[in-house]
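Quantities reported herein were computed from a predicted structural model and do not represent experimental measurements. Below, chain A is the first sequence line, B the second, and so on; all start at residue 1.
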Amino acid sequence: MTPETLVTDLCAQALAALYGADPALVQVSKTRKEFSGDYTLVTFPLLKASRKSPEQTAQEVGEWLLKNTPHIRDFNVIKGFLNLSLDGAYWLGRLEGISAPSYGFTCDSGRTVMVEYSSPNTNKPLHLGHLRNILLGYSVAQISEACGHNTVKANLVNDRGIHICKSMIAWQLFGDGETPESSGMKGDHLVGKYYVAFDRAYKAEIKELTERGCNEEQAKREAPIMQQAQEMLRLWEAKDPEIYALWQRMNGWVYAGFDKTYALMGVSFDKTYYESDTYLLGKALVQKGLEKGVFYKRDDGSVWVDLTADGLDEKLLLRADGTSVYMTQDLGTAVQRFNEYRLDDMVYVVGNEQNYHFQVLKLILKKLGYAWSDHIFHLSYGMVELPEGKMKSREGTVVDADDLMAEMIATAREMSEELGKLDGLTDAEKDEICRIIGLGALKYFILKVDPKKTMTFNPKESIDFNGNTGPFIQYTHARIKSLARRAGGTQGASPDTPENDTKAFQGRELEPKEIELIKMLSELSPTVEQAGREYSPALIANYAFDLAKEYNQYYHDYPILKEGVADDDKRFRLALSLQVASAIKKAMGLLGIEVPERM
RNA sequence: GAUCUCGUAGCUCAGCUGGAUAGAGCAGCAGAUUUCUAAUCUGCCGGUCGGGGGUUCGAGUCCCUCCGGGAUCACCA
């Protein structure tokens, strides 16, 4: 039980005893910093039951609590607010409760959740927008896992279609047999290079055609290279052996490249779907929908669903020639997944430009009679923009994921060296630390922002390492680990298992800052649960920052292992510090961010 | 045009289901290190919470309306 729910319970008891009031009226929140107290009861909603003034009500409840319940040490009344303080014994007990290694994690919830994220196209390398998607998805999956759900991380690779044919035809035309091995280029970048080459050639052809008097629409259709790409798509669909082999080969390069990027990011998947396998799914559903009268067929043979009664429009599900579209496929994969994994929840991490698509998807599934439609959650996130606006591949303003990560790591190294943090370490240790810090800065920068907001990224001002940043939090952890090493043998504290001797501190007087830290440590669990319910890594990020900030003040104000500190104090302060380090590590872990032992 | 979404300090962002005098970080200014990591800490400066109505004991938060940014409204995925 968290302190807040405890206080809520106690207040409910008081109100029942004093006024016979409905416990649902009890409103308890954390006491604001400028007032003394731990938790605050708001009395305004209770006045009808108490039939007294706010101040009198607060006074009465406070006195009742003081007399009849354990742990309430003190109270004060300001206007209609009753500020309650819990006693030291209670807080010491809390410290014990949060010392369990499993604290912050729920055991098996019995639920199965799939999180789909990344879902790249195979015609170009990953960029900053993908980074936001991937980091969100991975973090949401980690949080889901921490909430006790059996979690399946899924990637749906868009490996087929005209876009990959564009890269393929350009490679055939201009590639001269170039491979990742021959060029030393990462496979995804190599294929991306030909995607760009296609675009350049295509533009040139359009220009030429329009100069010869073609109108633009016609030129776009008739440009030879586009015709060739379309022919290639037809051949691919007919499983032409040569084209199929080329497709497999070039996609193989891309996958090798993606794997490297994913590995550096520290993310992974449990299940990879390929659209080339799934793009025909959903056709049977269309038949079922027709039979149920949910869909209808037009004269040309195409199949539609009419959603105008729900305030949406009509949506195509099957073309006149019987081929399927994106929606058809997504319906099919959703049904397949829920069946195959017996999912309780399905989370799609997909950009907000597809809000409408998912609205329609859920509605159609509901109309088809799938009750689990309500358990589909579209984790919709906003664009990452540059100061001058959207990233545009044509203008070369796309921020490449690999480049960005490399830059962040390089910046981390510069700063570390400047600050002399790496002295006396081996090269391998230096690399490790710089990687952790550089990526930590990047990941935190992206994850601390509410997903649904568009965020701006300024490549010219590199991401900060001071203040509300990943490195700030990592530094706090490293600092505490440094204390642990210093305490070393005498305390017997191993870095990963904080001492569990908090019982020994019974009767100890706690400083306000210590209570504040224990209070914050108590909030890890509820924060994780809330982040799980709301699919919000940002909540965890903000929690980690607040905790680190609070700790740094404590560290500054109170000596921990310094000369002259009493042994008891040393042991308690260190134990508390180690709990903070542990909470930081857990929270950051849920964001997919590592924390170094030193930095 | 319709639907959705966002608008909080110069900049980047918090603000839980409505609760006390709206908070951080960066930038700017002024300070703190003989002793545990200064990637830290302290103080100052900075706000008509886009505007206007309404509901409420109480609104940044809920409702309406207007203004501004973005997204979507493809037989692309």
Any donor-acceptor N/O pair under 3.5 Å between B:A71 base and A:T454 side chain: no
Considering every strand and a 4.0 Å limit on heavy-atom distances, what is the contact class for A:P45: base, sugar-phosphate, or nothing? base
Starting at atom CG of A:D464, determine the distance to atom C1' of B:U40, rounded to an integer number of angstrom. 15 Å
Checking all strands, does A:E563 fall into the base, sugar-phosphate, or nothing category for heavy-atom contacts under 4.0 angstrom? nothing
Under 4.5 Å between any side-chain heavy atoms of A:Q474 and A:I584, yes or no? no
When the distance from CG of A:L233 to P of B:C76 is rounded to whole Å, what number comes out? 11 Å
Whole-Å distance between B:C13 C1' and A:D450 CG? 10 Å
Pick base, sugar-phosphate or nothing for A:K562, based on heavy-atom distances below 4.0 Å to the nucleic acid. base
Less than 5.5 Å between centroids and less than 30° between ring planes, does A:F44 satisfy that with B:G58? no
Salt bridge or not for A:K519 and A:E550, using N-O below 4.0 Å? no
When only distance counts, do a donor and an acceptor, one from the side chain of A:T40 and one from the base of B:A20, lie under 3.5 Å apart? yes
Hey, are A:K452 and A:D450 close enough for a salt bridge, meaning a charged N less than 4.0 Å from a carboxylate O? yes
Pick base, sugar-phosphate or nothing for A:D423, based on heavy-atom distances below 4.0 Å to the nucleic acid. nothing
